[in-house]
Undergrad: 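Have a look at the structure that comes next, please.
Remember, it's a predicted structure, so these values are computed and weren't measured experimentally.
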Amino acid sequence: MSIDQNLITTPVTAGLLRGHLDVEETAHGLLPHRLPARARRQIPDDLLSVAEAQPSGVRLAFRTAATTVFLDTLPTKRVYQDFPPPPDGIYDLLVDGRLTAQATVEGGNLRTITDLRAQTAEFTPGPAGTARFTGLPTGEKDIEIWLPHAEITEVIALRTDAPVEPAPDRGRRRWLHHGSSISHGSNAASPSTIWPALAASAGEVELINLGFGGSAQVDPFTARAMRDTPADLISLKLGINVVNSDAMRLRAFVPAVHGFLDTLREGHPTTPLLLVSPILCPTHENTPGPLMPDLSDGTLTFKATGDPAETAAGRLTLTVIRDVLAGIVDERSAEDPHLHYLDGLDLFGERDHAAFPLPDGIHPGPEGHRRIAENFARLVFADNGPFARTGRLPGPAPR
């Protein structure tokens, strides 16, 4: 008899999931979403529809004595027409908080991007598959399986050699974070090593990651979703997507940020709230968007196409964004002592970029994600940081 036939099958329910805001029942199982249905109905483009359905930060969490764990899923993988497919997404299995094993799932649906600039795509259905973990430590333990951060993943069933139950509540604070593709995990090595996941581990908090590739656009529906989500800590990493999409001018951006913060405060009037500006990105430091992809040498890189001279007319750059966000927090914090600001250059500045250059000109690689997480934990979760049990942000780190 094969090992598969001896396993206990447990359908995946919402009670086994962490880090999501909604679930959708499909013909195969459950599809985790990182925005609720009301917000999804207001999404204006495919870019965010895909990004919020990619389960960055979403994980199964259960307690079991099993040493064999199979997870049946149906992934939807993104490929670019005329280019080799990327590697299969990685599933990280953590035992009692430690990364213990990794697996992939072959097959699945394909979403072929036919025009990168227009984000047009063709869909090809494919079969479900299984992430297989064997030889796990014996005895009762807490297990988390972090789903691939860049693959839409329908979760179907757990198959184990011992019963499972949802992981107990360990009383950790809930950290609700919103950001761009870097927060989503672009170029990270695996789902539990994106910078928000690493920072959450260091800070011993439960992560809800609303990092949306290309889509941190100060959207009101995202603000309302965050307003309505229970959280002990909230952070916003804003700016880069507004610049690289050339979505706003200065006149629109300032009141949009104020409106986003006002909406959050409707549901979280005294929750520690950290506004984070963009990390160093030479591509956009002083050059406005729009950002254009470049596949000319067979790899994906990016270039800014705006005119730096037009910043005088309200075009946005990262330098402008940082000044604006710092000013907004300075103005509001007189009446909102729980609002804090963190300069993105203190997370990843010139010295960090010199050590770990951005591989595609926009996103950090695995080492960069780790550096950002280390700096965030040191500045924000430390005893005198804004996400300490009590405290405020220390002075800037040396660059």
Undergrad: Indicate, with yes or no, if the rings of Phe212 and His178 have centres closer together than 6.0 Å.
TA: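 So the answer is yes for these two rings.
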
Undergrad: Decide whether Gln54 and His149 meet the rule of one side-chain donor and one side-chain acceptor closer than 3.5 Å.
TA: no

Undergrad: Can Thr120 and Thr114 be counted as having a side-chain donor-acceptor contact under 3.5 angstrom?
TA: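 Present: a donor and an acceptor within the cut-off.
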
Undergrad: Is a side-chain donor-acceptor pair under 3.5 Å present for Tyr341 with Ser333?
TA: no

Undergrad: Report yes or no: does Arg59 contribute a side-chain atom to a donor-acceptor pair with the main-chain N or O of Leu147 at less than 3.5 Å?
TA: no

Undergrad: Would you name the heavy atoms of Thr283 and Gly361 that are closest together and state the gap between them?
TA: OG1-O, 3.0 Å

Undergrad: Under a 3.5 Å cutoff, is there a donor and acceptor pairing between the side chains of Ser56 and Asn209?
TA: yes

Undergrad: Is the backbone of Pro278 close enough, under 3.5 Å, to the side chain of Arg322 for a donor and an acceptor to pair up by distance?
TA: yes

Undergrad: So does Pro230 get a backbone contact from the side chain of Arg174, meaning a donor-acceptor N/O pair under 3.5 Å?
TA: yes

Undergrad: Do Ile8 and Asp161 make a side-chain contact, defined as non-hydrogen atoms from C-beta onward lying under 4.5 Å apart?
TA: no

Undergrad: For the side chain of Asp228 and the backbone of Ala225, is there at least one donor-acceptor N/O pair under 3.5 Å apart?
TA: no

Undergrad: Under 6.0 Å between ring centres: does that hold for Tyr91 and Trp146?
TA: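 Aromatic pair excluded; centres sit 6.0 Å or further apart.
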
Undergrad: Donor-acceptor pair, Arg265 side chain versus Thr271 backbone, under 3.5 Å?
TA: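 Yes, Arg265 side chain to Thr271 backbone: donor-acceptor pair under 3.5 Å.
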
Undergrad: Is it possible for you to say whether Val324 and Leu316 belong to one hydrophobic cluster, with membership spreading through side-chain heavy-atom contacts below 4.5 Å?
TA: yes

Undergrad: Is Arg315 salt-bridged to Asp307, cutoff N-O under 4.0 Å?
TA: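 Salt bridge: no.
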
Undergrad: Are side-chain heavy atoms of Ile143 and Leu136 found at a separation under 4.5 Å?
TA: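 In contact.
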
Undergrad: Apply the test side chain to side chain contact (heavy atoms under 4.5 Å, CB included) to residues Ile234 and Leu274: give CA-CA distance (whole Å), side-chain angles for both, the deciding distance (0.1 Å), then the verdict.
TA: CA-CA 6 Å; Ile234 300 173; Leu274 180 65; over 6 Å; no

Undergrad: Does a side chain donor of either Asn286 or Thr319 reach within less than 3.5 Å of an acceptor in the other side chain?
TA: yes

Undergrad: Is there a side-chain contact between Leu158 and Leu16 in this structure, where contact means two heavy atoms from C-beta onward sitting under 4.5 Å apart?
TA: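 They are in contact (side-chain heavy atoms under 4.5 Å apart), so the answer is yes.
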
Undergrad: Write down the atom of Ala256, the atom of Val218, and the distance for their closest heavy-atom approach.
TA: O-CG1, 3.5 Å

Undergrad: Starting from Val254, can I reach Ile240 by hopping between I/L/V/M/F/W/Y residues whose side chains sit under 4.5 Å apart?
TA: yes

Undergrad: Please walk me through it: do Phe302 and Asn244 pass side chain to side chain contact (heavy atoms under 4.5 Å, CB included)?
TA: CA-CA 10 Å; Phe302 299 91; Asn244 61 33; over 6 Å; no

Undergrad: Given Ser180 and Ser183, is the side-chain hydrogen bond (donor to acceptor under 3.5 Å, both in side chains) satisfied, shown in steps?
TA: CA-CA 5 Å; Ser180 63; Ser183 297; 5.2 Å; no

Undergrad: Do Arg38 and Arg224 have side chains that get closer than 4.5 Å, going by heavy atoms?
TA: yes

Undergrad: Measure the spacing between CG of Leu345 and CG of Asn375 and express it to the nearest 0.5 Å.
TA: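 One gets 11.5 Å once the value is rounded to the nearest 0.5 Å.
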
Undergrad: Does Arg34 reach the main-chain N or O of Ile208 with its side chain, forming a donor-acceptor pair under 3.5 Å?
TA: no

Undergrad: With the side chain counted from C-beta on, respond yes when Leu21 and His33 share a heavy-atom pair under 4.5 Å apart, and no when they do not.
TA: no

Undergrad: Sub-3.5 Å donor-acceptor pair from the side chain of Thr317 to the main-chain atoms of Pro288, do we have one?
TA: no

Undergrad: From Phe221 CZ over to Met226 CE, what is the distance, rounded to the nearest 0.5 angstrom?
TA: 13.0 Å

Undergrad: Quick one: do Ser190 and Asp92 satisfy side-chain hydrogen bond (donor to acceptor under 3.5 Å, both in side chains)? Show the steps, please.
TA: CA-CA 7 Å; Ser190 70; Asp92 283 346; 2.7 Å; yes

Undergrad: Quick one: do Asp352 and Arg371 make a salt bridge, cutoff under 4.0 Å?
TA: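 Between Arg371 and Asp352 there is a salt bridge, with a charged N closer than 4.0 Å to a carboxylate O.
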
Undergrad: Distance-only, no hydrogens or angles: does the Glu154 side chain make a donor-acceptor pair with backbone N or O of Thr73 under 3.5 Å?
TA: no

Undergrad: Can you tell me if Thr76 and Asn109 form a side-chain donor-acceptor pair at under 3.5 Å?
TA: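 Result is yes, a qualifying pair exists.
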
Undergrad: Membership question, hydrophobic clusters at under 4.5 Å side-chain separation (ILVMFWY): are Leu275 and Val320 in the same one?
TA: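 Same hydrophobic cluster.
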
Undergrad: Is Val329 reachable from Leu238 through a run of hydrophobic residues whose side-chain heavy atoms are each under 4.5 Å from the next?
TA: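 Cluster IDs for Leu238 and Val329 match.
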
Undergrad: Would you mind checking if Asp22 and Arg40 are paired as a salt bridge, meaning a charged N to carboxylate O distance below 4.0 Å?
TA: yes

Undergrad: Between Arg249 and Asp246, is there a salt bridge with N-O shorter than 4.0 Å?
TA: yes

Undergrad: Quick test of your reading of the model: are Arg172 and Asp232 salt-bridged, counting only N-O distances below 4.0 Å?
TA: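 Salt bridge between Arg172 and Asp232, a charged N being under 4.0 Å from a carboxylate O: no.
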
Undergrad: Are Trp195 and His184 an aromatic pair, judged by ring center distance below 6.0 Å?
TA: no

Undergrad: Looking at Asp45, is its backbone amide N or carbonyl O close enough to the side chain of Ser49 to form a donor-acceptor pair, meaning the two atoms are under 3.5 Å apart?
TA: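 Yes, the answer is positive, given that a donor and an acceptor are paired below the 3.5 Å cut-off.
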
Undergrad: Take atom CZ in Arg170; do more than 12 heavy atoms of anything else shown fall under 6.0 Å from it?
TA: yes

Undergrad: Given the rule in the side-chain hydrogen bond (donor to acceptor under 3.5 Å, both in side chains) test, do His177 and Ser235 qualify, once you have shown the distances and angles that lead to the verdict?
TA: CA-CA 5 Å; His177 174 70; Ser235 55; 2.6 Å; yes

Undergrad: Going through the distances and angles, do Arg132 and Val69 end up as a side chain to side chain contact (heavy atoms under 4.5 Å, CB included)?
TA: CA-CA 6 Å; Arg132 299 170 181 264; Val69 175; over 6 Å; no

Undergrad: Should Phe70 and Leu93 be counted in the same cluster of Ile, Leu, Val, Met, Phe, Trp and Tyr side chains packed under 4.5 Å apart?
TA: no

Undergrad: Could you tell me if the side chain of Asp343 sits less than 4.5 Å from the side chain of Ser277, heavy atoms only?
TA: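 The answer is yes, as the side chains (C-beta and beyond) meet within the 4.5 Å cut-off.
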
Undergrad: Between Thr64 and Glu140, is there a side-chain donor-acceptor contact under 3.5 Å, judged purely by atom types and distance?
TA: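 No, no side-chain donor-acceptor pair sits under 3.5 Å.
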
Undergrad: Checking Lys237 side chain against Gly344 main chain: does a donor-acceptor pair fall under 3.5 Å?
TA: no

Undergrad: Looking at side-chain heavy atoms only, is the closest gap between Arg159 and Thr10 below 4.5 Å?
TA: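 Heavy-atom side-chain distance check fails, nothing below 4.5 Å.
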
Undergrad: Looking at Arg227 and Glu266, is any side-chain nitrogen of the basic one under 4.0 Å from a carboxylate oxygen of the acidic one?
TA: yes

Undergrad: Are Asp142 and Arg98 within salt-bridge range, i.e. N to O under 4.0 Å?
TA: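 No salt bridge links Asp142 with Arg98.
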
Undergrad: Decide, yes or no, whether a salt bridge links Asp262 with Arg332 under the criterion of side-chain N to carboxylate O below 4.0 Å.
TA: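 Answer for the salt bridge query: yes.
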
Undergrad: A quick test of your reading: do over 12 heavy atoms of other residues, nucleotides or ligands sit less than 6.0 Å from CD of Glu106?
TA: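 Not buried by this count: 12 neighbours or fewer within 6.0 Å.
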
Undergrad: Is the distance from the ring center of Phe381 to that of Phe376 below 6.0 Å?
TA: yes

Undergrad: Does any non-hydrogen side-chain atom of Glu24 lie less than 4.5 Å from one of Leu30?
TA: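 When only atoms from C-beta onward are counted, Glu24 and Leu30 do not touch, as no gap falls below 4.5 Å.
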
Undergrad: Please check if any side-chain donor atom of Asn241 sits under 3.5 Å from a side-chain acceptor atom of Gln217, or the reverse.
TA: no

Undergrad: Take Thr67 and Phe133, measure what side chain to side chain contact (heavy atoms under 4.5 Å, CB included) needs, and give me the verdict at the end.
TA: CA-CA 8 Å; Thr67 59; Phe133 304 96; over 6 Å; no

Undergrad: For Leu236, which of Leu264, Leu176, Val276, Leu325 qualifies under side-chain contact (heavy atoms from CB on, under 4.5 Å)?
TA: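 Exactly one candidate clears the test, Leu264.
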
